[in-house]
Amino acid sequence: MQVHKYDVVIVGAGGAGMRAAIESGQRARTAVLTKLYPTRSHTGAAQGGMCAALANVEEDNWEWHTFDTVKGGDYIVDQDAAEVMAKEAIDAVLDLEKMGLPFNRTPEGKIDQRRFGGHTRDHGKAPVRRACYAADRTGHMILQTLYQNCVKHNVEFYNEFYVLDLLMVDEEATREDGTTYTQKRVAGVVSYELATGELHIFQAKSVVFATGGAGKVFKTTSNAHTLTGDGMAIAYRHGIPLEDMEFIQFHPTGLAGLGILLSEAARGEGGILRNADGERFMERYAPTIKDLAPRDIVARSMANEVREGRGAGPNKDYVLLDLTHLEPEHIDAKLPDITEFARTYLGVEPYTEPVPVFPTCHYVMGGIPTDIEANVLQDNETRIPGLFAAGEVACVSVHGANRLGTNSLLDINVFGRRAGIYAAEYAKDADFVDLPENGEAFLVNQIESLRSAEGTEKVGELRAELQEVMDADMQVFRTEESIRRAIDKIEELRERYKNVAVQDKGKRYNLDLLEGLELGYLLDIAEAMSVAALHRPESRGGHYREDFPDRDDENWMVHSMLYRDENAETEGVKGIRFDTKDVVMTRYEPMERKY
Amino acid sequence: MTTTLEPTNNTAGMGEIESFTVTMQVRRYQPEFHEEAYWDTWTIEMYGTDRVLDALHKIKWEIDGTLTFRRSCAHGICGSDAMRINGVNRLACKVLLKDLDLSKPITVEPIKGLPVEKDMIVDMEPFFQSYREIMPFLIADESREPTRERLQSAEARAAFDDTTKCILCAACTSSCPVFWTDGQYFGPAAIVNAHRFIFDDRDEGGDMRLEVLNDKEGVWRCRTTFNCTEACPRGIQVTKAIAEVKQAILARNI
Amino acid sequence: MTTQQQINIAAPRSGDIDPKYIRQSASSSSNWEMFKWLFMRISGPILLVLIFTHLFTNLMIGDGVHGLNFGLVAGKWASPLWQIWDLVMLWLAMIHGTIGVATIIDDYTKKDSTRVAFKVVLYLASIAIVVLGTLVIFTFEPCMTDAAGNLLDNSPSFCFNQ
Amino acid sequence: MWSWVGHRITGVVIFLFLLVHVLDTALVRVSPEAYDAVIGTYKNWYMALGESGLVAAVIYHAFNGIRIVLVDFWKKGTKYHRHMFWTVMILWVVVFGGFFIRHMMLVLGG
Ligand SMILES: Cc1cc2nc3c(=O)[nH]c(=O)nc-3n(C[C@H](O)[C@H](O)[C@H](O)COP(=O)(O)OP(=O)(O)OC[C@H]3O[C@@H](n4cnc5c(N)ncnc54)[C@H](O)[C@@H]3O)c2cc1C
Ligand code: HEM
Ligand code: SF4
Ligand code: F3S
Ligand code: FES
């Protein structure tokens, strides 16, 4: 086993991780550990844009942006965090431009901006052009630009190093008021080198988690195969809470059966959703704005059509996105990528045929709780010194119950940057925490038993069953009954997981083994999502309970906090403790969310 | 007002999803267990919308877990899964099975010219090393940066648009016959990424990059075989970009 | 049990790169590669004209290949135009071909020693041929005589008129 | 790719021929008889075929060489490289066809 010592270790090299690395790398000795080559991260999949109130084409300011974010998140956004994000958005965009990002330009040569769902002028009066973009490859350009700057600054990457565990110690500490509590501290991480199968310990003063989302909990998702919620699950297993895990964003238009995303722009350009009878069903659900209603509403309407038997296709399990009334030239000019996806993957010609679509799991609003300095919290307010998180893995929370389009690319830049700065600052004065004795033993054990197991269960099968049940019971509609079904299934799968075996017994590039470990994370995350969903008897943003269709500000204007706790039991599920946390309000009072 | 579209048939869009059997012939290399590389063949049942990547997944998840390949996004934007499919470099996630000739086995091999580590996995470091050597980042005099926003005309932005699309998948470099025999050649991907900055009017490091590529292993090594252009999954006009870099070096030195 | 170790990870340009990934060629700061490339492209089209004419006059005109004999060659080279023509053709083609073959040798030889060996042979052969060819063209005496000083009977016709 | 393989092979073939060709031409310096004797062998039908092969190679190499130059220097060269390749093939058939017929007629006719 090798031990490496760095001031700062960053886990994940997506947008958030690399933005942090650029800051931290210039201030402290930094290593970036990533299970993929940096440029393979899923930030590269983002199409639409990154918003900032630059006011390059229309009057705009960061306060309006804050308001839109708060309202979009159905009011459980922490408003201090939203303010920080909206305010720093402008510099975040300009910084990217200085790093070389080729934004599209206005005729005057300024960064061009376009409209996106939920972004408005003057508190909802009219749509505003706020999203800065580089064609329909904004995420790709952000990822490339950040990587390029990491190369420039000689950031040390450990590519294809899977971080599989945190090294944490508990200390007795005293609060100002004299009460004692257990303070968690981070000593480093344990990492698995894919090429050799060796474990490496990285001792660090600061650790930044930027491991991205967990979309692979679901079958239909726009997320990459590698987005298995590693960071969230690892933290969770160490007693760090997960916040707001019930809030998952389903994007209405994923290619049916595949989940590949067709950007909102398709409907923005005039695309119409139809059911098997050819009816424009959104007229019934949202009579005024129809197909351009917010993501959660459209996704639910589509699912309802299918549920009530009006779905198209041989299995009646999708609806149709109709672009056939648009001029082919218009489609080519505005939606080239999307139409190419439809052609490549479904063999559908969007000029003449409607495209089969269905909601696809897109984004996890919840995650590891942090404050606005990206510091991870071990409960509602206590920081874990030296542990930071940013990006989709974290929950600051700027997205609340529903993320606005383009706010995530902004999130990873603003809070990625902050995480890098604060992690390096912290490392400046801090000492290394002693590595826990035999801290890697658990992992060594886990890997060895998985590798040598003669079990009868297959990783692929269990994962498929998990994804099936999550799609069926935890998607856009949830009831107590469906959630319980999901939980029961997950418990069954967790039992069977103990009997799982991997076929590849080798050491080098053993991706079979890693998929086995990733399945473990998926199960933990799926459980957390379901238990959190069960606990919230109301409908808000991405979380819709048919048995409680209304928002309940009286009782549920709070964040949910889920803890892994051996001794606890909640709603019949062993090992989990449930708690809530107040939402930070600064200036915007909750009001009904309608557009 | 008509809100109803007459459905042409009940299954508008994707018709009945056909299924078919596919024979996959995969080049295996498992250095821990077999000294030599060998071929494995599987016949599996697949569906109309499945891609080569799905077939590989099916084999890995249901038949042989030791089959090893990189992949992530599964829709052609991360660049993980470049491999030789029926003898040409493609992203496995972008090739639909039904577009191939299914009467013959589909051959899958690792990309050529980079050291094979296991099955489809090759050592990507030489590839990224070339990329890093062309200084793939904007070099601009920061003291001259405007305090607020730097302007760039839409035309100037368009000059290098094509080469910004690169996802560093190595399909081009590993399809280049020059690279196959001379692993030291910088390769088309590095040149494409140099092009992206050389033709960016905000950049001031163009001379240095041209100097790097004026090397023995630089642009002059390209014999315009166009393999790279044909392999590029992003449709980048790679050979054209290389030609433009060659001309830039000529113009600078003569 | 656990020891502090340095491992080689390819951190860019930090000198922390595994030596096996470092480009071997000593970067040539000259423009030699460029000039070779340019030469190929300039000499090519010129050669096209020279060679096509050459082939045409030798193989297509008159009796074609049947007309080809000492007399014809000697007759041609009596004119300085053809002398220069063939000289330029010889030089350009040989340099063009030598550069081309040298590239091919670079491509297909793996070991430095074989590369050098092949190239030495190539360059020696090329120099020899160019020198030989040049001498032949310049020192060529169309109206050769036998030991007795009489014109050979297959000399070009103009010799007999002198 | 194949156009390049062809270019490479024809390049080497021509180069090797050129070496020999200069040597045999050098015989004019030695003695006309020797030259004519060697050249005489060119007039066999099988040599004629070989010679045609050489000319075929030269024609291909020459036209394809022009195509390469255009790819390198003409702005639209990379766009039309396929068209140009087919043009090369057509030109090759036409020019070589013409040569071949005349050449064989001359060889066999005499
Ligand atoms: C199709 C699609 C389109 C989108 N479009 C937009 C848009 O237009 N606008 C917008 O604002 N947002 C958009 N989003 C959302 C946004 O792109 C993502 O939320 C954001 O990019 C996440 O960035 P990240 O840095 O947190 O994670 P990622 O980019 O996913 O990076 C995760 C990193 O963590 C590493 N990692 C993970 N696990 C481990 C481990 N165990 N050990 C080591 N490393 C690990 C990975 O290697 C990777 O480098 C879109 C998302 C998708 C899927
Ligand atoms: C008839 C006119 C000719 C033209 C237009 C021509 C053109 C070219 C060009 C442009 C190249 C460069 C190819 C590249 O860099 O990719 C080339 C290469 C080459 N030429 Fe010629 N050439 C001609 C005649 C000849 C002759 C007479 C010879 C032999 C002596 C020859 C031998 C070669 C060789 C060996 C190469 C290298 C091929 C390679 O690197 O793949 N060429 N030619
Ligand atoms: S140029 Fe094309 S083929 Fe080459 S690395 Fe980039 S995307 Fe891949
Ligand atoms: S394949 Fe190679 S030879 Fe040139 S045109 Fe592309 S780099
Ligand atoms: S898996 Fe990402 S490009 Fe194929």
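Throughout, a chain's letter reflects where its sequence line sits, starting with A, and its residues are numbered from 1. Every heavy atom of this structure was used, including side-chain atoms; hydrogens, water molecules and symmetry mates were not.
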(message) If we define contacts as heavy-atom pairs under 4.5 Å, which of B:F197, B:F69, B:W61 has the most with chain A?
(response) B:W61
(request) Count the heavy-atom pairs under 4.5 Å between each of B:R70, B:E62, B:Q30, B:E155 and chain A, then report the option with the highest count. (result) B:R70
(message) Closer than 4.0 angstrom, basic N to acidic O: yes or no for A:R508 and B:E32?
(response) no
(message) Let's test your reading of the structure: which of A:H42, A:R463, A:E108 forms the most heavy-atom pairs below 4.5 Å with chain B?
(response) A:R463
(request) Select, from A:V355, A:V502, A:I111, the one with the greatest count of heavy-atom pairs under 4.5 Å involving chain B. (result) A:I111
(message) Side chains of B:N89 and B:S174: any donor to acceptor distance under 3.5 Å?
(response) yes
(request) Classify the side-chain pair B:S72/A:T226 by whether it contains a donor and acceptor separated by less than 3.5 Å. (result) yes
(request) Would you mind checking which part of B:L168 comes under 4.5 Å of any heavy atom in chain A, side chain (CB onward), backbone (N, CA, C, O), both or neither? (result) both
(request) Name the region of B:L97, side chain, backbone, both or neither, that has any atom closer than 4.5 Å to a heavy atom of chain A. (result) neither
(message) Using heavy-atom distances under 4.5 Å, tell me whether A:L36 contacts chain B through its side chain, its backbone, both, or neither.
(response) side chain
(message) Out of B:T164, B:D99, B:D50, return the one with the most heavy atom pairs under 4.5 angstrom to chain A.
(response) B:T164
(message) I'd like to know if B:R71 and A:E515 make a salt bridge, using a cut-off of under 4.0 Å between side-chain N and carboxylate O.
(response) yes
(message) So for A:L101, is it side chain, backbone, both, or neither that comes closer than 4.5 Å to the heavy atoms of chain B?
(response) backbone
(request) Let me know if B:D161 has heavy atoms under 4.5 Å from chain A in its side chain, its backbone, both or neither. (result) both
(request) Taking the six-membered ring for Trp and the full ring for Phe, Tyr or His, determine whether the centres of B:F160 and B:H195 are under 6.0 Å apart. (result) no
(message) Between B:D203 and B:R209 (salt bridge meaning N to carboxylate O under 4.0 Å), is one present in this structure?
(response) yes
(message) Please classify the contact of B:T68 with chain A as side chain, backbone, both or neither, using a heavy-atom distance under 4.5 Å.
(response) side chain
(message) Treating A:N149 as the side-chain partner and A:K152 as the backbone partner, does any N or O pair qualify as donor plus acceptor under 3.5 Å?
(response) no
(message) I need the residue from A:A342, A:G506, A:A134, A:P102 with the largest number of non-hydrogen atom pairs under 4.5 Å to chain B.
(response) A:P102
(message) Tell me whether the rings of A:Y285 and A:F281 are parallel (<30°), tilted (30 to 60°) or perpendicular (>60°).
(response) perpendicular
(message) Counting heavy-atom pairs under 4.5 Å with chain A, which one of B:S153, B:A158, B:P136 comes out on top?
(response) B:P136
(request) Please name the pair of heavy atoms, one in A:A453 and one in A:A501, separated by the smallest distance, quoted to 0.1 Å. (result) O-CB, 3.5 Å
(request) Please flag which part of A:M99 lies under 4.5 Å from any non-hydrogen atom of chain B: side chain, backbone, both or neither. (result) backbone
(request) Could you tell me which of A:G460, A:G100, A:G44 has the largest number of non-hydrogen atom pairs under 4.5 Å with chain B? (result) A:G100
(message) For the residue pair A:R105 and A:F103, would you count it as a cation-pi contact if the rule is NZ or CZ under 6.0 angstrom from the ring centre and within 45 degrees of the ring axis?
(response) no
(request) Identify which part of A:E340 has an atom lying under 4.5 Å from any heavy atom of chain B, answering side chain, backbone, both or neither. (result) side chain
(message) What I want to find out is whether B:K118 reaches B:D123 closely enough, with some N-O distance under 4.0 Å, to be called a salt bridge.
(response) no
(message) So for A:E461, is it side chain, backbone, both, or neither that comes closer than 4.5 Å to the heavy atoms of chain B?
(response) neither
(request) Counting only heavy atoms closer than 4.5 Å, note whether A:N104 contacts chain B via side chain, backbone, both or neither. (result) both
(message) Using heavy-atom distances under 4.5 Å, tell me whether A:I90 contacts chain B through its side chain, its backbone, both, or neither.
(response) side chain
(message) One thing to verify: whether B:R51 and B:D54 come together as a salt bridge, which I'm taking to mean a side-chain N less than 4.0 angstrom from a carboxylate O.
(response) yes
(request) Using non-hydrogen atoms and a 4.5 Å limit, figure out which bit of A:R137 sits close to chain B: side chain, backbone, both or neither. (result) side chain
(message) Taking every non-hydrogen pair under 4.5 Å, which of B:K98, B:K165, B:R196 racks up the most with chain A?
(response) B:K165
(message) Can you tell me which of A:K110, A:H140, A:E160, A:H325 forms the most heavy-atom pairs within a distance under 4.5 Å of chain B?
(response) A:H140
(message) Within the 3.5 Å criterion, strictly below it, is a donor on A:Q503 or B:T66 matched to an acceptor on the partner's side chain?
(response) no
(request) Look at B:R27 together with B:D119 and state whether they make a salt bridge at an N to O cut-off of under 4.0 Å. (result) no
(message) In this structure, is the centre-to-centre distance between the rings of A:Y147 and B:F137 below 6.0 Å?
(response) no
(request) Name the member of B:A156, B:G76, B:G79 that forms the most heavy-atom pairs with chain A at distances under 4.5 Å. (result) B:G79
(request) Please flag which part of B:L67 lies under 4.5 Å from any non-hydrogen atom of chain A: side chain, backbone, both or neither. (result) neither
(message) Counting only non-hydrogen atoms closer than 4.5 Å, does A:K458 touch chain B with its backbone (N, CA, C, O), its side chain (CB onward), both, or neither?
(response) side chain
